[in-house]
Each structure stands twice: as structure tokens, then as C-alpha cells.
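Chain letters run A, B, ... following the sequence lines, proteins first and then strands; every chain starts at 1.
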Protein chains: 2
Amino acid sequence: MNTQTEHLTIQQVADATGLTEHTLRYYERIGLIHPIPRAGNTHRRYTTDDIGWIQFLMKLRATGMSIQDMQRYAALQRQGDETLAERVTMLRTLEQEVVAHMAELEEHLKLIRYKIDLYGAAVEAQKECAAP
Amino acid sequence: MNTQTEHLTIQQVADATGLTEHTLRYYERIGLIHPIPRAGNTHRRYTTDDIGWIQFLMKLRATGMSIQDMQRYAALQRQGDETLAERVTMLRTLEQEVVAHMAELEEHLKLIRYKIDLYGAAVEAQKECAAP
DNA sequence: CTACATCCTAGAGCGCGCTCTAAGTCAAGA
DNA sequence: TCTTGACTTAGAGCGCGCTCTAGGATGTAG
């Protein structure tokens, strides 16, 4: 299951994920990321698995999941398999929220496009009137 | 073009739109809503047109447009027809952003569903093992 | 050994979008 | 006349999700 191959610095992980070093430390502090083992008891050494988890976190964020819910999810994840059912429940809830959000966006997109067409035509008309 | 029929109190507008009175005053203060005329020089009296505009604002917000951009849009709107072209440009930009955002959500939705299926199956397997 | 980059922690600060407070005005009804 | 309650303003406060600072420790190349 684990494919921990490298020992990556925080900078490398920042580059790989697009998060800043600040944010990576912050995520660890608030429990979104497990306590990263240290080289010489100070400098963090991440694994490629950690990058995978961080990228998953970023996807959860991008769907609109709150930090609080992500903390809950991360805590469950760390507790192991007996929390699978609860995690599935969380994901199902998220799925429904995302679907609803997309439907709302779709709806608003229609209005935006309607206005673009309407105003776009008016702009064309303005140009004609301005012409000799 | 205008269909101003009623003179509505701020409370009625709050009820009609779902915004709070606080937020309505805030939106007016920062220029998202034009200065609402007053009854007896104090109490605001909205029109049904105002409600339409506010509902449009709420849709812009729901698409993710920032307050700053909405201020710009509202200012253009008040300047009149010669700003139509610029407003169309803003709407086109917004359209693209919404489309991109929806594509991202769609992508993440796939992952969420994949995990639901995967973990869901694992949960079923757990139940079977627990059974006599 | 020195210089320099990189990393560390704890905690303060920030931008956004509201949300609420305090103190006061005003109008209508008992 | 008095009370009640809806409304007003200016400005403070808040929750979120980072983002940055200060001050210090550590690792690596020359």
C-alpha cells in the first residue's frame, strides 16, 4: 500500500504541490497532515505518499469542503479502517453538495450568457449608429 | 424599461431577497446598490426594480465574482449605455471562469465518486467478515 | 572554519465578506 | 403624552483560511 521512496524537503513538496511552505506547516499544525518525521530531529522529510495525500486535500478544498470538515476527515483517515463507513458518508455528502453547486453554477451561467447576447447585440447596434 | 411600482421597506427587501438588512445597507454603502431614496429623508424605500438588481448581484456572488469586481460592474451600470461593451467584457471573463470552475468540480467529482465506490465496497466486505 | 541558504517554532497579522453594536431618530397607536 | 418598534449611522468585530514575522537552529559548500 505504501510506496515511500524519497525523503523530500518542505521546499520540494511546496514546488510539487503548489502550496507554500507556510501552508504546509500550517496544515500539519492543524492536523490535516500527519506529523512529518524529521531529519536530525528538526527538518521535515516528506514521502511521495505525503504528496499524494496533500494533493487529495487540495481537491477537497477545491470542491468547497471547509478546513473543519477536512480536519475531521483527516482524523478519521488516521484512525484506520474502522472509520471507512463514516468517511464514505462524508464523501457522499460532499458529492451531493458539489452536484448542487454545479447545478447552481449552470443556472447562473445561462443568465450570464443571456446578458452577454443581449448586451452584445446592443453594443453592435451602438457601433452601427456611430458609423457614417 | 423601469417598472417601479411599490415602495418597499428594507425589511421587505430582506425578506424578498434573503439578505439581511445589515447586508443590504452594507451593499449600498460600498456602492453595489445605488443610493436608495428615503421616505421623510430617513427610511429607505426600495422599488421592485431594486429587488431585481439585488437578485442579480446575488447571482454574481454565487458564481464567485469578488465584491471588488461587482463594485466595478455596478459603477459601470450606473454610468449608462456607453459602458455596455466593458460590462460585456466582464461577463465574458466571468463566463470563462465559471466554465473552468465547473470543469474542475466535474473532475474532482469523479475522484470523490471513485473513492465512494472503492471505500463503499470495502465497508461491505467488512460487514461480511463481521457476520457469522 | 566561515558563510550562506534552508529550515524551525510560536504567534501575530491580513484580506475578504459580512455581521453586529451603540446610540440615536422617527412614526404610529394606546 | 408615552411607549413601542422599525429604522438610521458610523464604526467595531468576527470567522475563515491562510500568510508573514521574529528570532533562532541547522546543514552544506568553499
Side-chain angles (χ1 to χ4, degrees), chain A residues 6-47 50-51 54-75 94 97 101 104 108, chain B residues 6-47 50-51 54-75 94 97 101:
Chain A
E6 304 185 50
H7 51 102
L8 303 158
T9 67
I10 194 167
Q11 198 175 61
Q12 288 172 316
V13 175
D15 288 348
T17 60
L19 294 180
T20 66
E21 301 177 23
H22 288 308
T23 302
L24 285 170
R25 293 192 199 100
Y26 165 67
Y27 276 10
E28 184 176 336
R29 230 192 304 170
I30 67 172
L32 291 186
I33 304 173
H34 68 93
I36 301 292
R38 311 307 175 98
N41 267 341
T42 49
H43 292 197
R44 290 173 178 80
R45 288 296 175 261
Y46 295 82
T47 67
D50 294 329
I51 289 188
I54 290 162
Q55 285 169 339
F56 177 59
L57 285 180
M58 292 174 75
K59 283 169 191 176
L60 291 183
R61 278 296 295 136
T63 63
M65 186 183 268
S66 70
I67 293 283
Q68 208 173 84
D69 285 352
M70 285 166 63
Q71 285 174 314
R72 169 124 198 84
Y73 190 96
L94 181 62
E97 287 168 355
H101 186 197
E104 196 193 6
H108 295 341
Chain B
E6 304 184 53
H7 50 103
L8 304 159
T9 67
I10 194 167
Q11 198 174 60
Q12 289 172 314
V13 175
D15 288 349
T17 60
L19 293 180
T20 67
E21 302 178 22
H22 288 308
T23 303
L24 286 169
R25 293 193 199 99
Y26 165 67
Y27 275 11
E28 185 176 336
R29 229 191 307 169
I30 66 173
L32 290 186
I33 304 173
H34 67 93
I36 301 291
R38 311 308 176 96
N41 268 341
T42 49
H43 292 199
R44 290 174 178 78
R45 287 296 174 262
Y46 295 81
T47 68
D50 294 330
I51 290 189
I54 291 162
Q55 285 170 338
F56 177 57
L57 285 180
M58 292 173 75
K59 283 170 191 176
L60 291 183
R61 278 296 297 136
T63 62
M65 187 185 268
S66 70
I67 293 283
Q68 209 172 83
D69 285 353
M70 286 167 63
Q71 286 174 312
R72 170 126 197 82
Y73 191 96
L94 180 62
E97 287 167 357
H101 186 198

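Along DNA chain D, the nucleotide nearest to A/Thr23 and the one nearest to B/Arg38 differ in position, and the one closer to the 5' end is contacted by B/Arg38.
Between D/dC18 and A/Tyr27, a contact under 4.0 Å exists linking OP1 or OP2 to a side-chain N or O. Neither OP1 nor OP2 of D/dA6 sits under 4.0 Å from any side-chain N or O of B/Arg45.
Every pair passing salt bridge (Lys or Arg N to Asp or Glu O under 4.0 Å) that includes a residue from residues 31-42 of chain B is listed here, sequence neighbours excluded: B/Glu28-B/Arg38.
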Working for side-chain contact (heavy atoms from CB on, under 4.5 Å), residues B/Leu24 and B/Tyr46: CA-CA 11 Å; B/Leu24 286 169; B/Tyr46 295 81; 3.9 Å; yes
Ring pair (Phe, Tyr, Trp, His ring centres under 6.0 Å) assessment of B/His7 paired with B/His43: CA-CA 11 Å; B/His7 50 103; B/His43 292 199; over 10 Å; no
Pair B/Arg45-B/Thr9, side-chain contact (heavy atoms from CB on, under 4.5 Å): steps then yes or no: CA-CA 5 Å; B/Arg45 287 296 174 262; B/Thr9 67; 3.8 Å; yes
Set out, line by line, the N/O atom pairs under 3.5 Å between protein and nucleotides 11-13 of chain D.
from: D/dG11; atom 1: N7; to: B/Arg29; atom 2: NH1; distance (Å): 3.2
from: D/dG11; atom 1: O6; to: B/Arg29; atom 2: NH2; distance (Å): 3.2

Protein N or O to nucleotides 22-26 of chain C N or O, pairs below 3.5 Å:
none

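Atom CG in B/Leu8 sits roughly 17 Å away from atom P in D/dA6 (whole-Å rounding). Rounding to whole angstrom units, CG of residue A/Leu24 and C1' of D/dT19 are separated by 13 Å. Between B/Ile33 atom CD1 and C/dG17 atom P there is a gap of 15 Å when expressed in whole angstrom units. One interatomic measurement links the two molecules: OH of A/Tyr26 to P of C/dC14, which rounds to 17 Å at whole-angstrom precision. One atom, CG of B/Leu32, and another, P of C/dC18, lie 9 Å apart when rounded to the nearest Å. Here the P atom of nucleotide C/dT9 and the CD1 atom of A/Ile30 are 15 Å apart, to the nearest Å.
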Mind listing the side-chain donor-acceptor pairs of residues 58-67 of chain B below 3.5 Å, one per line with the distance, residues two or more places apart or on another chain?
from: B/Arg61; atom 1: NH1; to: B/Met65; atom 2: O; distance (Å): 2.7
from: B/Thr63; atom 1: OG1; to: B/Leu60; atom 2: O; distance (Å): 2.5
from: B/Ser66; atom 1: OG; to: B/Asp69; atom 2: N; distance (Å): 3.1

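Among the atoms of the strands shown, base atoms are found under 4.0 Å from some heavy atom of A/Arg25. Heavy atoms of A/Arg44 sit under 4.0 angstrom from primed sugar atoms or phosphate atoms, though from no base atom.
Residues satisfying the ring-ring contact (aromatic ring centres under 6.0 Å, His included) criterion with A/Tyr27, sequence neighbours excluded, are absent altogether. Annotation: ring-ring contact (aromatic ring centres under 6.0 Å, His included) contacts of A/Tyr26 (sequence neighbours excluded): none. Residues satisfying the ring-ring contact (aromatic ring centres under 6.0 Å, His included) test with A/His22, not counting sequence neighbours, are none. By the side-chain hydrogen bond (donor to acceptor under 3.5 Å, both in side chains) test, B/Arg29 pairs with no residue at all, sequence neighbours left out. Under the rule for a ring-ring contact (aromatic ring centres under 6.0 Å, His included), A/His34 has no partner lying at least two apart in sequence or in another chain. Partners of A/Arg25 according to the side-chain hydrogen bond (donor to acceptor under 3.5 Å, both in side chains) rule, which considers only residues two or more places apart in sequence or in another chain, are A/Glu21.
Residues A/Ala74 and A/Gly31 come closest through the heavy atom pair CB-O, 3.6 Å. Here the shortest heavy-atom pairing between A/Gln71 and A/Ile30 reads NE2-O, 3.0 Å.
Of the residues in residues 64-72 of chain A, none lies under 4.0 Å from DNA chain C by heavy-atom distance. For the segment residues 9-22 of chain A, residues with any heavy atom less than 4.0 angstrom from an atom of DNA chain C are, sorted by number, A/Thr9, A/Ile10, A/Gln11, A/Glu21.
The side-chain heavy atoms of B/Val13 and B/Asp50, taken from C-beta on, include no pair separated by under 4.5 Å.
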